[in-house]
Chemist: 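I have a structure I would like to understand better, so I am pasting it below and will then ask my questions one at a time.
Please read all numbers here as calculations on a predicted model, not as lab measurements.
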Amino acid sequence: MESKKAFKIDFQDIDQMRDHDKNVYLESIKHSFNTAPSSFVKFFYFGGSSHLYHGAGSFPIAGAKSTLVDNPVRQNWGWDEFHSNAIFFEDYFKLNAKYYRVISINELPAVLGPGDLANFGNYTLFFRKLDIDKAKRCLEIRRRVHNAHDGEELINYASRGAKDESEDLLDQVTSGEECLYEAECFYILESDNLENLYDKSSDLIQSLSSYQAKGFIEDVSLSSLFDSIFMEGDPLLKRSHLVPSSYLVNMLPLKNDKLFKTGISFHSRQGAELKINIFDELSNNFNVLVSGLSGSGKSALCQKIIKEMITHPSSAKAVILDRGGSFLKLVKYFEGDIFEGSFNPLQFKDPRYLKEFIISLLPKDALNFKEETLLYKGIKNEMESGFSGDFGELIDRLGHFIEDLPLYLEETLPYFGSSNLSFKNLTYIDTEKFSEKLLPGLILFLIEFFKHIEGKKFFVFDECWHLLDRNISYLSESYRTFRKIGASALSITQSFDDFSATALGEVIINSSDYKFLFRQESLGSGYLEKFDLGNMRTLKTIKGSFSEFYFKHPHFNKVVRYYQDPLEYELFTTHHDDQREFNNFSGDFKNYLNFKDLFEKYVRLKYD
């Protein structure tokens, strides 16, 4: 077979399709099979990529992109060079210092979902269409067998089940609604050692069994199958089953995991790399919303995003508004600036900001609409007149317009200074270090501070929305305009439902294209469709291994898996036992090593 007949096949990501779109897509592929020529096809699914060999050249599949490639099979298995001949043993072979085993599907499952075979690993799928006369003869034989052995279950797919199903299939083939194919499927297991190969074999056979399928470890036929499976030989179809085209469609590796072309790396459930680009230019905005229960993995995900963005070659700057120290280790590791002292509200002189700042510090309903208007007018006049005093002096002057204003702010004025906050790559604020009365104003100050940072930037809000319910208009405008200044707001909440029930939550949900949703209770919000909720119910997290989230975006709807390396796990974990273990270790070294060196030493000793 010539290499010019090899094609890379890019399917659509069926996991992201609603039921109607999925059915239309599958039906179009089935039509491709029904109208295809009667020659063999070899499909290879390896590491999330699909390749096709066809005995008659191209083999068009509706909805899939085909690209001519050169010799993909050897590239799939990493055999661009042969360092040794294949050595065959009883039920495995060895090549290039690795061990391989082939497991065929001896009995197909009666029910198979689209792309389900890809859930079990790398596999090959060989098939050939039968001409209509041969197909009808085969089905007629099956029908006669049913008549002779009514109620007996046979191995062949077409005759499994009741007799009327077989007769229906014969009618569908006769009418052209279905075509009949010979198809065989082989899973390929690879390992550096035999013990692991045996473990993988046992796991695969057990997984297939859960689908009511039976796997068979190839032994005496392994050498004869080698050329067709691993090289470019024609398929032998020794392990073939008769299947209709609608079933064959589901045998294809339709789960072609796709998100952005560039960005932060995550993985699909099948192990394919997925990228999420927070600053993708096709997005309406760059804002992020992360929602999940405590322990679901939301804090680790947020820190992963920050870590990747501030260390990227075109690095972004970040302001982190934390609650309880979840992000503190990350900030220390990257030598961020930890802000704990007083600040100068007049570092920024925009009248709208200063009005919102002052209102946030007042008791609720302290000012009526007329007084708020007078307040804005007074601030605007002072700023345009070149006011150069401190914040206390400004409040005294504004007291001429609003008599009780100095009295309202008397308790908070000592927290304000005259020194300006410096712009750093990473600025951290723990809200628990500040008075509850001061926090609304502090947050508004930090948002204004954030707007003046040059280049790409992140603002991280961790569970502080209840403090800003009187500044919804200002927050809404900020969220809508962040994109213009290359900014992203990363908002964190434990409950999407509770958040969506608030006015500010609605603003943030509608202004955040990037939604990372972990498994959580209820989810009766009108912002999530039945399709979204179904995906979220399948999410799981395994501590120390991975966490799953549902990524919702105007262009994507995908379950994504995040695997942490040891450094990330220890840096991001908020578990008390993990924190205590690190604190016990650091006590002996913190006077001799900076935090980054200390932390890396801890991780090396713990994991190496």
Side-chain angles (χ1 to χ4, degrees), residues 319-325 328 337-383 385 387-422 427-452 459-475 477-478 502-504:
V319 175
I320 300 175
L321 195 62
D322 194 7
R323 187 176 185 179
L328 185 57
D337 182 48
I338 300 175
F339 171 66
E340 294 179 339
S342 62
F343 61 97
N344 179 15
L346 288 174
Q347 181 171 347
F348 310 105
K349 301 184 183 298
D350 177 70
R352 172 78 187 284
Y353 145 70
L354 287 170
K355 173 204 164 189
E356 295 290 335
F357 179 87
I358 292 172
I359 289 176
S360 73
L361 300 176
L362 301 178
K364 189 175 182 179
D365 300 324
L367 304 182
N368 57 37
F369 178 77
K370 179 181 179 180
E371 289 171 325
E372 286 190 15
T373 303
L374 289 173
L375 176 63
Y376 176 77
K377 183 178 180 180
I379 295 170
K380 190 171 183 290
N381 289 339
E382 291 294 338
M383 295 303 109
S385 301
F387 177 79
S388 58
D390 61 23
F391 187 69
E393 292 177 43
L394 176 64
I395 296 302
D396 287 339
R397 293 196 184 189
L398 294 175
H400 297 301
F401 298 93
I402 303 170
E403 184 177 351
D404 292 333
L405 188 62
L407 184 62
Y408 282 138
L409 297 179
E410 185 175 5
E411 187 177 345
T412 56
L413 285 177
Y415 291 99
F416 306 131
S418 57
S419 299
N420 290 344
L421 182 62
S422 300
T427 302
Y428 172 86
I429 304 93
D430 186 346
T431 59
E432 293 187 353
K433 303 291 185 182
F434 293 86
S435 164
E436 190 80 8
K437 292 182 179 180
L438 186 64
L439 282 178
L442 173 63
I443 295 171
L444 293 175
F445 167 77
L446 291 170
I447 291 173
E448 197 67 19
F449 171 83
F450 174 71
K451 291 177 181 178
H452 286 76
F459 195 117
V460 180
F461 296 85
D462 189 2
E463 295 284 356
C464 54
W465 312 111
H466 63 288
L467 300 170
L468 299 171
D469 57 355
R470 283 180 289 161
N471 305 97
I472 293 175
S473 176
Y474 178 77
L475 264 293
E477 181 182 338
S478 296
T502 66
L504 184 55

Chemist: Report the distance from atom OG of Ser342 to atom CZ of Phe416, rounding to the nearest 0.5 Å.
Modeler: 9.5 Å
Chemist: Atom CG in Asp350, atom NZ in Lys380: separation rounded to 0.5 Å?
Modeler: 11.0 Å
Chemist: How many angstroms lie between CD in Glu436 and OG1 in Thr431, if you round to the nearest 0.5 Å?
Modeler: 8.0 Å
Chemist: What pairs of donor and acceptor atoms, side-chain ones from residues 397-410 against any protein atom, are under 3.5 angstrom apart with sequence neighbours left out?
Modeler:
{"from": "Arg397", "atom 1": "NH1", "to": "Glu382", "atom 2": "OE1", "distance (Å)": "3.0"}

Chemist: What distance do Asp462 atom CG and Ile429 atom CD1 have between them, rounded to the nearest 0.5 Å?
Modeler: 12.0 Å
Chemist: Which one of Asp337, Val460, Leu328, Val319 satisfies the side chain to side chain contact (heavy atoms under 4.5 Å, CB included) criterion with Tyr428?
Modeler: Leu328
Chemist: Parallel under 30°, tilted from 30 to 60°, perpendicular over 60°: which one fits the rings of Phe348 and Tyr353?
Modeler: perpendicular
Chemist: Ignoring hydrogens, what is the shortest heavy-atom contact between Ala503 and Ile472? Give both atom names and the distance.
Modeler: CB-CD1, 3.5 Å
Chemist: Determine, stepwise, if the pair Phe449 / Thr427 fulfils side-chain contact (heavy atoms from CB on, under 4.5 Å).
Modeler: CA-CA 11 Å; Phe449 171 83; Thr427 302; 4.2 Å; yes
Chemist: Please walk me through it: do Leu367 and Leu374 pass side-chain contact (heavy atoms from CB on, under 4.5 Å)?
Modeler: CA-CA 10 Å; Leu367 304 182; Leu374 289 173; over 6 Å; no
Chemist: Hey, can you tell me if Phe339 and Phe343 have their rings parallel, tilted or perpendicular (30° and 60° cut-offs)?
Modeler: perpendicular
Chemist: Shortest non-hydrogen contact from Leu346 to Met383?
Modeler: CD2-CE, 4.3 Å
Chemist: Got a sec: does the CD of Glu393 have more than 12 other heavy atoms crowding it under 6.0 Å?
Modeler: yes
Chemist: Tell me which donor-acceptor pairs under 3.5 Å the side chains of residues 354-362 have, and how far apart each pair is, sequence neighbours excluded?
Modeler:
{"from": "Glu356", "atom 1": "OE1", "to": "Asn471", "atom 2": "ND2", "distance (Å)": "2.7"}
{"from": "Ser360", "atom 1": "OG", "to": "Phe357", "atom 2": "O", "distance (Å)": "2.6"}
{"from": "Ser360", "atom 1": "OG", "to": "Gly441", "atom 2": "N", "distance (Å)": "3.3"}

Chemist: Under 3.5 Å, is there a donor-acceptor pair linking the side chains of Lys437 and Thr412?
Modeler: no
Chemist: Which pair of heavy atoms, one from Leu394 and one from Phe387, lies closest together, and at what distance?
Modeler: N-CZ, 3.5 Å
Chemist: Run Phe461 and Leu446 through side-chain contact (heavy atoms from CB on, under 4.5 Å) and show every step you take.
Modeler: CA-CA 11 Å; Phe461 296 85; Leu446 291 170; over 6 Å; no
Chemist: Mind listing the closest non-hydrogen atom pair of Phe445 and Pro345 along with its distance?
Modeler: CD1-CA, 4.2 Å
Chemist: Once rounded to the nearest 0.5 Å, what's the spacing between atom CG of Leu438 and atom NZ of Lys433?
Modeler: 15.0 Å
Chemist: Look up atom CZ in Arg352 and atom OG in Ser478, then write down how far apart they are to the nearest 0.5 Å.
Modeler: 8.0 Å
